[in-house]
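See structure below.
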There are 2 protein chains.
Amino acid sequence: MAHHNLDSLDKKILKLIAEDARIPFLEVARSCNVSGAAIHQRIQKLNNMGVLKGSKFIIDPEKIGYETCAYMGLNLKNPEKFDAVVDELKKIPEVVECHYTTGDYDMFIKIYAVNNHHLLNIIHDRLQPLGLSRSETIISFNSAFSRQLPILDMPVDDVETDED
Amino acid sequence: MAHHNLDSLDKKILKLIAEDARIPFLEVARSCNVSGAAIHQRIQKLNNMGVLKGSKFIIDPEKIGYETCAYMGLNLKNPEKFDAVVDELKKIPEVVECHYTTGDYDMFIKIYAVNNHHLLNIIHDRLQPLGLSRSETIISFNSAFSRQLPILDMPVDDVETDED
DNA sequence: GCTGAAATAATTAACAC
DNA sequence: GTGTTAATTATTTCAGC
């Protein structure tokens, strides 16, 4: 199921638009030797297929007042209340990602705060009341890099041997 | 320094464009009662200030053939070689984020793989040779949510007491 | 599923406050 | 510096192949 019948034009478009959502579609069109309307229709199709899930501007958290970035592993006193806890986490705007994980933690979140003091406030006042049995905080000093996944050119079954 | 003199129009624009990089600027312009050119100039200014760091399309990893998502905490045998390790990690396209962290790990990465087997191949063949003394892998089953940070309406110094 | 043309929008430049 | 209008280029829609 993995590739959902993406042809080479779909993949070329994805590679061209992935890192710049405001790229002129006519520029993509010229690179692909098709009309701008064709690019538009393909991108509509990729949206409808769920391959594309919208777009976003990348905002520098520090420049809008968030100096602290942390990842937290959480364990719940009542792991069966996972969904309710996710709903509560959604109400905390500083929590920007939430994952259901295997391993040592029940869930794993990414959180920004204005400063370390603000992070401690959030943990004490908003997270602890959710019923945590344990939590671990990893503070990110610096993001060394952040980027998109590559669009695979090959069928998926070839990839497993790619690293051997 | 945090807000870099963002005025209320800058913040309104950021809120409107954050979650949809392809929103028509004229729609933003009408919401803000200014011309489209003014929105364009403001967004240019936000780019020049470094508040905006470009844009991207959100691509569903599963739909392009990546079934496994993991976070890994890494410890280096030679932590002073951090920069060289970052350079090597950049060469592994499946590694999409890399952070310098406090706490139990020297660094923390986000990694996608075609499947669990492929992840193990990457860890064994590409990560272990970098000189890891220890690593811990957290596999994400499911992303419960992922979103942008809120644009603060208030000066930063007010926020610390916001949660008390 | 593509093209080409028409309508709406983005971008650029010249200029006003 | 921040906004405007007007000209050029791009996006979007749609009829037709």
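Residue numbers begin at 1 in each chain, while the letters A, B, ... track the order of the sequences.
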Inset, instruction - State, yes or no, whether a side-chain contact exists between B/Pro150 and A/Ile64 at a heavy-atom distance under 4.5 Å. - result: no
Inset, instruction - May I have all residue pairs that pass salt bridge (Lys or Arg N to Asp or Glu O under 4.0 Å) and include part of residues 79-89 of chain B, sequence neighbours excluded? - result: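 Salt bridge (Lys or Arg N to Asp or Glu O under 4.0 Å) check on residues 79-89 of chain B returns B/Glu88-B/Lys91.
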Give the rounded distance in Å between these two atoms: [atom1] of [X] and [atom2] of [N].
X	N	atom1	atom2	value
B/Asp20	C/dA10	CG	P	11 Å
A/Ile43	D/dA10	CD1	C1'	13 Å
A/Asn33	C/dC2	CG	C1'	14 Å

Legend entry - Five-pair end axes of the helix from C/dG1-D/dC17 to C/dC17-D/dG1 and the angle they enclose, rounded to 10°: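 Here the local axes at opposite ends form an angle of 30°.
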Legend entry - Smallest separation among heavy atoms of B/Val95 and B/Leu89, with atom names: CB-O, 4.0 Å
Inset, instruction - Search all heavy atoms of B/Gly50 against all heavy atoms of A/Lys63 and return the closest pair with its distance. - result: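 Answer, listing the atom of B/Gly50 first, then A/Lys63: O-CG, 3.7 Å.
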Legend entry - Pairs meeting criterion side chain to side chain donor-acceptor pair (under 3.5 Å) with involvement of residues 25-35 of chain B, two or more places apart: none
Inset, instruction - Look at the side-chain N and O atoms of A/Arg42 and state whether any lies under 4.0 Å from the OP1 or OP2 oxygen of C/dC2. - result: yes
Inset, instruction - Compare side-chain N and O positions of B/Ser35 against OP1 and OP2 of D/dT4 and report whether any pair is under 4.0 Å apart. - result: yes
For residues 135-145 of chain B, dump all side-chain donor-acceptor pairs below 3.5 Å to protein atoms at least two apart in sequence or in another chain.
unit_1, atom_1, unit_2, atom_2, d
B/Glu136, OE1, B/Tyr105, OH, 3.2
B/Glu136, OE2, B/Tyr105, OH, 3.3
B/Ser140, OG, A/His99, ND1, 3.0

Legend entry - Heavy-atom protein contacts under 4.0 Å, nucleotides 11-17 of chain D, coded B base, S sugar-phosphate only, - none: BSBB---
Inset, instruction - Apply side-chain contact (heavy atoms from CB on, under 4.5 Å) to A/Lys77 and list each qualifying residue two or more places apart in sequence or on a separate chain. - result: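 A/Ser133.
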Inset, instruction - Looking at every strand, decide which applies to A/Leu9 at a 4.0 Å heavy-atom threshold: base, sugar-phosphate, or nothing. - result: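 Sugar-phosphate contact only - A/Leu9 comes under 4.0 Å of backbone atoms but never of a base.
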Legend entry - Chi angles and distances behind the side chain to side chain donor-acceptor pair (under 3.5 Å) call for A/Thr68, A/Asn115: CA-CA 5 Å; A/Thr68 298; A/Asn115 51 32; 5.9 Å; no
